[in-house]
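Note: hydrogens, waters and symmetry copies are ignored here, and every other heavy atom, side chains too, is used. Position 1 is the first residue of the sequence, and the numbers go up from there. For ligands, and for the atoms within them, numbers begin at 1 and follow the listed sequence.
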Amino acid sequence: MTEFHLLLIGYGNVAQRFVSLLGEQRAQLASRYGIGTRVIGIATRREGPRYVDSSVVSAPRRTKGGASPAKTEHYRDSTLAFIRDACVRDRAAARAGRLVVVETTTLDIARGEPAIGHVRAALAGGAHVVTANKGPAAFAYRSLARAAEKANRRFLFEGAVMDGIPIFNLVRETLPAVKILGFRGVVNSTTNFILTAMEQGQPFDQALARMQAAGIAEADASLDVDGWDAAAKTAALANVLLGASLTPHSVAREGISEATGQRAMAARAAGRRVKLVAQAVRTGRRVTARVAPEELPADDLLAGVEGQQNAILLETDLLEEIAIVQRGGSLTQTAYALLSDLITIARDIKRDTSLTWRAAARRR
Ligand SMILES: NC(=O)c1ccc[n+]([C@@H]2O[C@H](COP(=O)([O-])OP(=O)(O)OC[C@H]3O[C@@H](n4cnc5c(N)ncnc54)[C@H](OP(=O)(O)O)[C@@H]3O)[C@@H](O)[C@H]2O)c1
């Protein structure tokens, strides 16, 4: 049985659903994968970092006032210092590869910070990292992957694109020897919902308000409608699948507006669809990427992606095109992505790579 010690950096919608999912899946995780979990600390922006009493086996739910009912020990420094401190304090778990930092802080579209710093500190301290935050893979994939390799720890981020639908896992685990040449996709649920609604004559603001009420639009809606969220996902996909070194700022970007709605209505009347298409392609040594509304013929797979659905088409050398369609997205799916990343780490431990791990642990 592997008991993972979890340090939750960010404890909002995704992290709270992750913790409740761990509870729901507890028996299965133990019997099928030999996994147990224990939350050892939590950090949020407003409440700051705190260690959770070691007898607590799952994270406490927040009470109405935000206070935790569990016994906690507040840590008076920054989140970054908290991660470093936790890695030292729980060095036995870190050495054994059982300490995992679960990074679910808010996306920062300017630089990907402080999430990148959190990931770096965790890896340097001997912890694995699982995250649903797009920032680290979108801004710093290459250097973080190198840091993970050097530390002999995992940096996993399946939840960063299309929630729990496997894309990074799919390519890493099931497509050996296949080269990804490029991709095209509809990767932002809010803009696709708005475009679908506007085609039917609904006003832009009304469709956006529905996505905000459903908790699907980002807190700052401009991240969705201006194409930033799609650009961050495009950069992450291009960095990981195409070996690029992009950031969201190097993705050519055009968002959607009320005017795109007029275009979408006219296109629909002519049997075509307007979609916010994210794409990247490798040409020689160069990878170019863009996000923009495009008018697609009806027989394009992306033209049939309705409402909140997402889809990606991977262009490969040996298997031609592979399509992945996400029919529905939810917090459970994003939480599942974190869970699947945790199982990947448990499988590593089981497979035992252990000779390398023990050697690395002795060196630390
Ligand atoms: N929601 C989804 O369906 C979904 C899907 C895929 C990916 N994601 C990504 O997953 C991440 C989490 O999403 P969410 O919906 O859970 O967001 P959320 O509800 O806004 O939670 C974010 C959490 O991060 C905390 N935080 C922010 N900066 C921090 C810092 N410097 N140190 C410590 N804690 C900090 C916040 O604390 P306060 O509450 O005190 O501000 C909050 O607890 C985001 O990067 C998002 O883009 C979300």
Side-chain angles (χ1 to χ4, degrees), residues 7-21 39 41-51 59-62 65-68 74-86 101-122 129-139 156-168 187-190 193 211-224 228-233 235-237 248 308 310 326 328-341:
L7 194 66
L8 306 178
I9 305 303
Y11 193 48
N13 298 314
V14 172
Q16 290 183 44
R17 182 63 189 111
F18 172 61
V19 167
S20 64
L21 189 63
V39 174
I42 301 173
T44 65
R45 187 165 28 201
R46 282 168 294 179
E47 291 174 33
R50 59 200 189 276
Y51 286 106
R61 285 186 186 283
R62 274 183 177 169
S68 152
H74 285 269
Y75 180 83
R76 300 255 161 248
D77 210 334
S78 67
T79 303
L80 197 59
F82 177 59
I83 296 170
R84 293 192 182 115
D85 187 70
V101 167
V102 183
E103 216 290 350
T104 59
T105 63
T106 326
L107 169 67
D108 159 49
I109 202 61
R111 296 188 308 125
E113 293 289 4
I116 294 170
H118 295 161
V119 175
R120 235 184 261 294
V129 177
V130 302
T131 180
N133 191 330
K134 295 164 268 290
F139 282 89
L156 298 170
F157 40 81
E158 191 55 60
V161 179
M162 277 168 76
D163 306 325
I165 304 298
I167 296 173
F168 300 113
V187 294
N188 180 270
S189 302
T190 297
F193 179 88
M211 285 289 89
Q212 284 172 318
I216 294 181
E218 292 279 342
D220 172 3
S222 67
L223 282 179
D224 289 312
W228 280 114
D229 174 78
K233 288 169 176 163
L237 287 164
Q308 295 172 43
N310 281 191
Q326 178 182 29
S330 67
L331 270 180
T332 300
Q333 295 199 6
T334 310
Y336 167 75
L338 295 170
L339 182 64
S340 74
D341 286 344

What atoms of ligand 1 come closer than 4.0 angstrom to any heavy atom of [X]?
X: Asp163; answer: 5 (C), 6 (C)
X: Lys134; answer: 47 (O)
X: Asn133; answer: 45 (O)
X: Leu107; answer: 45 (O)
X: Pro114; answer: 31 (N)
X: Ala43; answer: 33 (C), 34 (N)
X: Leu331; answer: 1 (N), 3 (O)
X: Asn13; answer: 15 (O), 16 (O), 19 (O)

Taking the side chain as every heavy atom from C-beta outward, state whether [X] and [Y] have any pair of such atoms under 4.5 Å apart.
X: Asp163; Y: Gln326; result: yes
X: Phe193; Y: Ile216; result: no
X: Glu103; Y: Leu8; result: no
X: Asp108; Y: Phe139; result: no
X: Leu80; Y: Pro114; result: no

Got an N/O contact under 3.5 Å between Thr105 and ligand 1?
yes

Handout entry: Short N or O distance, Glu47 and ligand 1, threshold 3.5 Å exclusive
Key = no

Hits for side chain to side chain contact (heavy atoms under 4.5 Å, CB included) against Ala160, two or more places apart or cross-chain, chain-then-number order -> Lys134, Phe157

Output for pair (Asn310 CG, Asn188 CG), nearest 0.5 Å, gives 7.5 Å

Across all chains, not counting sequence neighbours, the side-chain hydrogen bond (donor to acceptor under 3.5 Å, both in side chains) partners of Asp220 are Ser222

Closest to atom 10 (O) of ligand 1 by heavy-atom distance, out of Ser330, Ala132, Ala160, is Ala132

Min over Thr131, Thr79, Val14 of heavy-atom distance to atom 32 (N) of ligand 1 lands on Thr79

Within the 4.0 Å heavy-atom cut-off, what Thr334 brings close to ligand 1 is side chain

Check your understanding: Distance-only, no hydrogens or angles: does the Asp229 side chain make a donor-acceptor pair with backbone N or O of Leu223 under 3.5 Å?
Key -> no

